[in-house]
Amino acid sequence: TGSSRPQRLLKAVQRNAAKGDPQSVISAIDYFCRHSEWAMNVGDEKGSILDSVVSEVSPTTALELGTYCGYSTVRIARLLPPGASLITLEFNPDYAAVARQVIAHSGLQDKIHLVEGPSGDSIPKLKERFGITSLDFVFLDHWKDRYVPDTKLLEECGLLRKGSVLLADNVICPGAPEYLDYVRNNPRYESRYFQSHLEYTNVEDGLEKSVFLG
Ligand code: SAM
Ligand code: MG
């Protein structure tokens, strides 16, 4: 048909989700991915773990690495307290264009800043661009070989404070062994694994939650 998977996912949202209803956007995407086409969203099962961590942290300033179609973006933003915001980074312009429309459909656009470009370029500009002192919560879900360099970059840029919470997806599948080694064997982090399954499958995967101790 010439359309891409993200474009078909967007169509499913526009057809099946109520405008201004984030939960129905999430459900429409999960339904599309279970019944039509698998896609690399965090998904409903790991999504409920993501929800509990976001709710527990209740971040004022949150960062997401890897927007894709905006599924987890909407998932996180719908749980933010009043006045809080989520910055999400995406370097693929086609994915970013779809995500903007998914976010607009959810009605959460006022809480979300989508920044286009590679994370390594965007992270050092966040403080100045958004007037942030530090991040309360970071969701790592971009390419897995960037987890360690971008975590170190967040540290170097002074974006982490004592108590900042990092949550990393896909630490088992496709896997991020270097990241697990970094946060688990590091006195500056307290780290814990949440076992689950790869989105829309029965394959083991999980999330690693790491609290920065300063
Ligand atoms: N978080 C999304 C969700 O659960 O709905 C899924 C994100 S998908 C697994 C990873 C995304 O990260 C892709 O869209 C990819 O283009 C983007 N990405 C990968 N490396 C990146 C980088 N260094 N900077 C910005 N975006 C990146
Ligand atoms: Mg993921």
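All ligand and atom numbering here is 1-based and tracks the order in the structure.
- Looking only at atom types and distance, the side chain of Tyr68 has no donor-acceptor partner in the side chain of Asn92 under 3.5 Å away.
- Using a 4.0 Å cut-off to heavy atoms of Gly117, the atoms of ligand 1 that qualify are 24 (N), 25 (C).
- To the nearest 0.5 angstrom, Asp169 atom CG is 12.0 Å from Leu65 atom CG.
- Considering each of Lys46, Glu90, Glu64, Arg146, the one bringing a non-hydrogen atom nearest atom 11 (C) of ligand 1 is Glu90.
- Residues passing the side-chain hydrogen bond (donor to acceptor under 3.5 Å, both in side chains) test with Asn185, sequence neighbours excluded: Asp181.
- Counting only N and O atoms by type, the side chains of Arg184 and Ser191 include no donor and acceptor under 3.5 Å apart.
- Counting only N and O atoms by type, the side chains of Glu190 and Ser210 include no donor and acceptor under 3.5 Å apart.
- Counting only heavy atoms of the protein, atom 18 (N) of ligand 1 lies nearest to Phe91 CE1, 3.5 Å.
- Relative orientation of the Tyr147 and His142 rings is parallel, given thresholds of 30° and 60° on the angle between their planes.
- The backbone and the side chain of Tyr68 each have at least one atom closer than 4.0 Å to an atom of ligand 1 (non-hydrogen atoms only).
- With a 4.5 Å cut-off on side-chain heavy atoms, Ser85 and His113 count as touching.
- One finds the CZ atom of Phe139 at 12.0 Å from the CG atom of Leu166 (value rounded to the nearest 0.5 Å).
- Of all atoms in ligand 1, listed by their number and element, those nearer than 4.0 Å to a heavy atom of Tyr71 are 5 (O).
- Contact annotation for Thr67 and ligand 1: only backbone heavy atoms (N, CA, C, O) come within less than 4.0 Å of the ligand.
- Among Ser119, Pro174, Ala96, Ser72, the residue whose heavy atom sits closest to atom 1 (N) of ligand 1 is Ser72.
- Because its NZ or CZ atom is not both nearer than 6.0 Å to the ring centre of Phe32 and within 45° of the ring axis, Arg34 does not count as a cation-pi partner of that residue.
- Looking only at side-chain heavy atoms (C-beta outward), Ile87 and Ile132 come within less than 4.5 Å of each other.
- Protein N, O or S atom count below 2.8 Å of the Mg ion (ligand 2): the structure gives 3.
- For ligand 1, the atoms lying closer than 4.0 Å to a non-hydrogen atom of Asn41 are 3 (C), 4 (O), 5 (O).
- Residues Tyr200 and Ala39 approach most closely at CE1-O, 3.5 Å, considering heavy atoms.
- Atoms of ligand 1 lying under 4.0 Å from at least one heavy atom of Pro118, given by number and element, are 24 (N).
- Ligand 1 places these atoms under 4.0 Å from at least one heavy atom of Tyr95: 14 (O), 16 (O).
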